[in-house]
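Read the numbers this way: they start at 1 and go in the same order the structure lists the ligands and their atoms. Index from 1, following the sequence.
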Amino acid sequence: ILGGYEAKPHLRPYMASLQLDGQHVCGGFLIAEQWVLSAAHCTEEMDGRVFQVLLGAHSLREPEPHKRLYRVRAQIPHPGSNIHNNKDDLLLLQLEEKAELNAHVRVLPWQREDRDVAADTVCEVAGWGTISHSGRRPDKLYQVERPVISRDVCNHRTRHDGTITEKMMCTDSRKKDTCKGDSGGPLVCSGVAEGVVTAGSRVCGNYKKPAIYTRIAPYAAWIDGVMAS
Ligand SMILES: CC(C)CC(=O)Nc1cccc(-c2cccc(CN)c2)c1
């Protein structure tokens with residue numbers, strides 16, 4: 001998260017850290033007791049390893065009472081996801097067992113109505129992604145508030161030039177933005193997850209490249225189908 005600030009501990013009890021060999025790779029969030037939603041492009045650098053999911057954390061390193069690392073039983077990328085574009089950039093992770101829910105570990109409701117969030121709506125995004133242009137990685141969860149921008153503005157020739165589909169949404173990226181390691185985290189508007197951070201142009205904090213999110217509502221049937229299977 002660029003231009004943000006340290007989150008209040010445990011006010012986002014749905015946040016997950018997807019880790020490889022004890023290292024934070026991407027964000028994610030609890031959508032059901034045994035399921036975490038994240039971004040498919042987070043699996044790009046896995047080389048056959050499997051994620052572990054850290055829940056109940058504020059600090060990645062320090063011991064905390066409700067922090068717990070879960071093994072992953074299954075990782076299901078959306079069938080339409082690929083490394084060449086941001087399309088269908090969703091990943092469902094089934095935990096080895098149901099997460100123990102408490103004040104620090106909670107499910108986040110997600111939007112099922114497929115209707116665009118109005119431009120200028122201020123939403124919030126959190127993550128353990130890089131907090132400086134030099135790539136400094138935080139130990140604590142950071143967050144930032146960002147206004148939604150319309151698909152037309154986001155698709156402008158000088159911005160994402162028509163690549164933003166109706167299954168994506170954008171927020172302004174001037175100075176305050178998502179960045180490497182924030183992928184997979186939720187864009188939360190009025191307490192409901194509307195989108196999942198995707199890497200897009202892999203540029204951070206540049207107003208010419210607004211942040212891109214996969215909208216969740218268009219994928220409700222896929223999510224329900226996988227969780228029911
Ligand atoms: C395996 C993955 C971690 C690879 C990856 O995602 N790299 C990467 C590199 C630079 C910026 C970003 C990035 C993420 C989220 C939002 C944005 C743009 N606001 C950029 C992402």
**Q** Report the nearest protein non-hydrogen atom to atom 16 (C) of ligand 1: residue, atom name, distance rounded to 0.1 Å.
**A**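 Ranking protein heavy atoms by distance from atom 16 (C) of ligand 1, first comes T178 OG1, 3.4 Å.
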**Q** Does any N or O in the side chain of K140 come within less than 3.5 Å of the main-chain N or O of K8, such that one atom is a donor and the other an acceptor?
**A**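 No: the side chain of K140 does not pair with the backbone of K8.
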**Q** Starting from atom 5 (C) of ligand 1, what is the nearest protein heavy atom, named by residue and atom, and what distance separates them?
**A**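 Protein heavy atom with the smallest distance to atom 5 (C) of ligand 1: R202 NH1, 3.7 Å.
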**Q** Assess D177 for proximity to ligand 1: is some non-hydrogen atom of it under 4.0 Å away?
**A**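 Yes, D177 has a heavy atom closer than 4.0 Å to ligand 1.
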**Q** Do V105 and L37 sit in one hydrophobic cluster, given that two such residues count as connected whenever their side-chain heavy atoms are within less than 4.5 Å of each other, even indirectly?
**A**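 No: no chain of side-chain contacts under 4.5 Å links V105 to L37.
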**Q** Say whether S183 and ligand 1 are in contact under the criterion: heavy-atom distance to a ligand atom below 4.0 Å.
**A**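 A heavy atom of S183 does come that close to ligand 1.
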**Q** Out of H41, K209, H24, whose heavy atom sits nearest atom 2 (C) of ligand 1?
**A**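 Nearest heavy atom to atom 2 (C) of ligand 1 lies in H41.
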**Q** Judged on heavy-atom distance to atom 20 (C) of ligand 1, which of A199, G184, G181, C170 sits nearest?
**A**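 Comparing heavy atoms across A199, G184, G181, C170, the nearest one to atom 20 (C) of ligand 1 lies in A199.
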**Q** Side-chain heavy atoms under 4.5 angstrom apart, residues restricted to Ile, Leu, Val, Met, Phe, Trp, Tyr: same cluster for I31 and Y219?
**A**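 Hydrophobic grouping puts I31 with Y219.
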**Q** Are the charged groups of D116 and R215 less than 4.0 angstrom apart, N to O?
**A**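 Looking at D116 and R215, the cut-off is met.
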**Q** Would you say V203 touches ligand 1, if touching means a heavy atom closer than 4.0 Å?
**A**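 Yes; V203 lies near enough to ligand 1 that a heavy-atom distance drops under 4.0 Å.
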**Q** Any non-hydrogen atom of T198 lying under 4.0 Å from ligand 1?
**A**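 Within the 4.0 Å threshold, so yes.
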**Q** Taking K209's backbone N and O only, do any of them form a donor-acceptor pair with S173's side chain (distance below 3.5 Å, no angle check)?
**A**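 Judged by distance alone, yes, a pair lies under 3.5 Å.
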**Q** Quick one: nearest non-hydrogen protein atom to atom 3 (C) of ligand 1, plus distance?
**A**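 So the nearest neighbour among protein heavy atoms is V25 O, 4.0 Å.
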**Q** Check whether any heavy atom of C179 sits under 4.0 Å from an atom of ligand 1.
**A**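 Under 4.0 Å: yes for C179.
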**Q** Checking side-chain polar atoms at under 3.5 Å, does Y5 have a donor or acceptor matched by the opposite partner on Q143?
**A**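 Checked: Y5/Q143 side chains pair up, N/O donor to acceptor below 3.5 Å.
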**Q** Indicate yes or no: does an N/O atom of K180 lie under 3.5 Å from an N/O atom of ligand 1?
**A**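 No.
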**Q** Indicate if Y213 and L108 have the same hydrophobic cluster label, given that clusters are the connected sets of ILVMFWY residues with side-chain heavy-atom separations under 4.5 angstrom.
**A**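 No, it is not one cluster - the side chains of Y213 and L108 are not joined through contacts under 4.5 Å.
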**Q** Please answer: with hydrophobic residues joined when any side-chain heavy atoms are less than 4.5 Å apart, are V144 and L141 in the same cluster?
**A**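 Different clusters: V144 never reaches L141 through Ile, Leu, Val, Met, Phe, Trp or Tyr contacts under 4.5 Å.
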